[in-house]
Amino acid sequence: MILYILHQSCVAESTLIYNVLSFGAKPNGVIDSTQAFLDAWTAACASSDSTTLYVPKGRYLLRNAMVFKGDNCKSTDVTFRIDGTLIASSDYQILGQSNNWLSFEGVTGVSIIGGALDAKGTALWACKLAGSTDCPNGGATSLSFTNSKNININGLMSLNSQMFHIVINGCQDVRIQGVKVNAAGNSPNTDGIHVQLSRNVAIFNTSIKTGDDCVSIGPGTKDLWIEQITCGPGHGISIGSLAKDLEEEGVQNVTVKNAIFKGTQNGLRIKSWARPSNGFVEGVQFLDVLMFNVQNPIVIDQNYCPHNINCPAQVSGVKISDVVYQNIQGTSASAVAIKFDCSATNPCSGIRLENVSLTFRNQEVQSHCANANGKIVGSAQANSCL
């Protein structure tokens with residue numbers, strides 16, 4: 001069924017609405033609706049007009065990995081309006097061998113408005129945490145956009161992803177707003193939002209509770225703006241890990257503003273492996289941040305090796321420069337709250353601390369620096385090692 005909605009304006013514009021129920025989707029959470037959703041996408045893409053793929057209230061089982069491709073999509077304005085919940089199979093083996101659950105590839109002008117994704121990841125986490133050899137190697141990212149542009153994600157909730165919740169990879173002009181991410185604090189590798197090889201991405205008014213980085217920023221990220229974000233539980237906001245490869249694109253122009261961290265493992269972190277790389281980080285601003293009982297509030301770690309197994313034990317080639325920490329307030333869960341462990345051959349430069357005030361058990365925190373150059377402006381920790 002197709003409905004036409006006319007918008008009053010000087011020139012009437014029509015939006016075609018494709019209801020997934022008309023393509024055989026069942027809102028009972030029991031019968032698989034995978035094919036119905038793919039058929040609705042195909043129909044929406046066949047039109048060159050603005051189109052809306054509508055998901056009414058209910059629970060829709062999407063049992064299999066799904067790829068929404070832009071190759072043959074005539075429309076450059078497709079909206080997924082979701083009033084229901086999309087659920088994965090409770091059998092983690094079904095999605096566990098896939099990289100992604102819902103994947104958009106090469107699309108332009110796609111918006112996802114509202115709704116919830118429930119990837120049923122808890123059983124897979126339990127398998128991994130138990131050290132079982134029967135677990136799938138990895139797991140599925142709940143929502144992925146690859147090689148796409150003009151993307152809008154607004155008001156979506158992501159629950160219990162198997163691995164990453166949302167991935168933006170090789171994209172341009174992306175806006176994520178009002179998103180909520182929820183997973184247990186011990187859920188492995190469940191990054192909230194991962195951005196890499198992408199330009200002009202903005203994340204606003206987002207709440208992330210998960211078991212890994214709330215936001216992870218990979219190589220090739222340029223012009224990323226994050227504002228009004230709450231993180232915790234989780235591992236904080238991380239640039240990296242970098243230096244996974246010798247040939248690696250840099251990270252440029254990243255701003256994090258008005259962020260709150262609650263009980264996280266880290267706050268603001270930049271991390272790279274200790275191996276040669278032509279990667280770099282430059283032009284980063286961390287502004288107006290509140291920390292509540294954060295284990296490692298401010299970290300640059302260029303000897304990153306999370307499990308201390310097969311560590312490269314070399315020197316990081318990643319050059320980190322022009323990083324500003326301004327108006328960082330709150331409490332640390334450890335005495336050493338500021339750690340700059342930079343590369344011996346490529347020391348950090350242009351580090352700037354301005355109005356940084358952190359306490360540990362009502363005492364001023366300590367700081368540790370290695371190969372870090374910068375300055376303190378205005379009030380900051382009196383015992384800063386810069």
Side-chain angles (χ1 to χ4, degrees), residues 1-6 14-121 123-124 139-146 148 151-162 165-167:
M1 180 177 67
I2 304 174
L3 300 178
Y4 294 84
I5 293 182
L6 295 180
S14 63
T15 297
L16 298 132
I17 299 182
Y18 298 84
N19 189 323
V20 294
L21 298 180
S22 302
F23 293 85
K26 304 299 181 185
N28 58 16
V30 177
I31 297 174
D32 184 20
S33 295
T34 299
Q35 193 58 49
F37 274 67
L38 291 173
D39 290 346
W41 168 259
T42 299
C45 275
S47 170
S48 57
D49 295 325
S50 297
T51 59
T52 293
L53 195 154
Y54 179 56
V55 183
K57 290 182 180 179
R59 295 173 65 79
Y60 299 82
L61 174 62
L62 301 180
R63 191 170 185 271
N64 299 310
M66 303 173 65
V67 181
F68 301 96
K69 292 188 176 181
D71 296 354
N72 300 313
C73 206
K74 295 180 181 178
S75 178
T76 56
D77 183 10
V78 180
T79 297
F80 273 72
R81 173 70 204 189
I82 307 174
D83 287 341
T85 299
L86 314 185
I87 62 174
S89 171
S90 55
D91 180 358
Y92 59 74
Q93 295 286 358
I94 293 174
L95 281 181
Q97 305 299 335
S98 303
N99 291 326
N100 303 295
W101 178 26
L102 307 176
S103 177
F104 291 82
E105 299 178 0
V107 300
T108 298
V110 169
S111 297
I112 298 178
I113 310 297
L117 309 178
D118 185 353
K120 304 283 185 182
L124 178 58
T141 288
S142 289
L143 176 63
S144 172
F145 281 88
T146 303
S148 300
I151 304 303
N152 180 35
I153 304 172
N154 195 328
L156 179 72
M157 175 177 284
S158 177
L159 302 169
N160 300 334
S161 59
Q162 287 192 352
H165 289 264
I166 299 171
V167 168

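These values consider heavy atoms only, across backbone and side chains, with no hydrogens, waters or symmetry-generated copies. Starting from 1, each residue takes its place in the sequence as its number.
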Thr34-Asp32 side chain donor-acceptor pair, cut-off 3.5 Å: yes
Val20 and Ala36 have their tightest heavy-atom pair at O-CB, 4.3 Å
Rounding to 0.5 Å, atoms CH2 (Trp41) and CG (Leu53) come to a distance of 8.5 Å
Distance col, row Tyr60:OH vs Ile31:CD1, nearest 0.5 angstrom, shows 12.5 Å
**Residue pair Val107 / Cys73, side-chain heavy-atom distance below 4.5 Å** = no
From the list Asn154, Ile166, Ile82, side-chain contact (heavy atoms from CB on, under 4.5 Å) partner of Ile112 resolves to Ile82
Closest non-hydrogen contact found for Ser161 with Ala119 is CA-CB, 3.7 Å
With side-chain contact (heavy atoms from CB on, under 4.5 Å) as the criterion, how do Leu21 and Tyr54 come out once you've worked through the C-alpha distance, each side chain's angles and the decisive distance to 0.1 Å? CA-CA 9 Å; Leu21 298 180; Tyr54 179 56; over 6 Å; no
**OP:** Determine yes or no for a side-chain-to-main-chain donor-acceptor pair under 3.5 angstrom, with Ser148 supplying the side chain and Thr146 the backbone.
**Re:** yes
Smallest heavy-atom separation, Thr51 atom then Ala44 atom, equals CG2-O, 3.4 Å
Should the ring pair Phe68 and Phe80 be called parallel, tilted or perpendicular, given that the plane angle runs from 0 to 90° and is split at 30 and 60? perpendicular
Beyond-backbone contact of Leu117 with Leu143, side-chain heavy atoms, under 4.5 angstrom: yes
Looking at Trp101 and Leu62, would you say the former's side chain and the latter's main chain have a donor-acceptor pair under 3.5 Å? yes
The complete set of salt bridge (Lys or Arg N to Asp or Glu O under 4.0 Å) pairs with one or both residues in residues 69-81, sequence neighbours excluded, reads Arg81-Asp83
### Task
Would you check if the side chain of Ser75 reaches a backbone N or O of Asp49 as a donor-acceptor pair within less than 3.5 Å?
yes
Heavy-atom nearest pair, Ser98 first then Ala65, reads OG-CB, 3.6 Å
The side chain to side chain contact (heavy atoms under 4.5 Å, CB included) partners of Thr108 (sequence neighbours excluded) come to Thr76, Lys149, Asn150
Distance col, row Gln35:CD vs Arg63:CZ, nearest 0.5 angstrom, shows 14.0 Å
Paired with Val110, the side-chain contact (heavy atoms from CB on, under 4.5 Å) test is passed by just one of Ile151, Asn152, Thr79, Ile153, namely Ile151
Closest non-hydrogen contact found for Tyr18 with Ala43 is OH-O, 3.5 Å
Next item on the list: Would you mind reporting whether Ser89 and Asn64 have side-chain heavy atoms less than 4.5 Å apart?
Entry: no
When rounded to the nearest 0.5 Å, the distance separating CG of Leu95 from CG of Leu102 is 8.5 Å
Interatomic distance, OG1@Thr141 vs CG@Asn99, rounded to 0.5 Å, equals 7.5 Å
Residues 94-121 vs salt bridge (Lys or Arg N to Asp or Glu O under 4.0 Å), sequence neighbours excluded, gives Asp118-Lys120
The reported gap from OG in Ser90 to CG in Leu124 (rounded to nearest 0.5 angstrom) is 12.5 Å
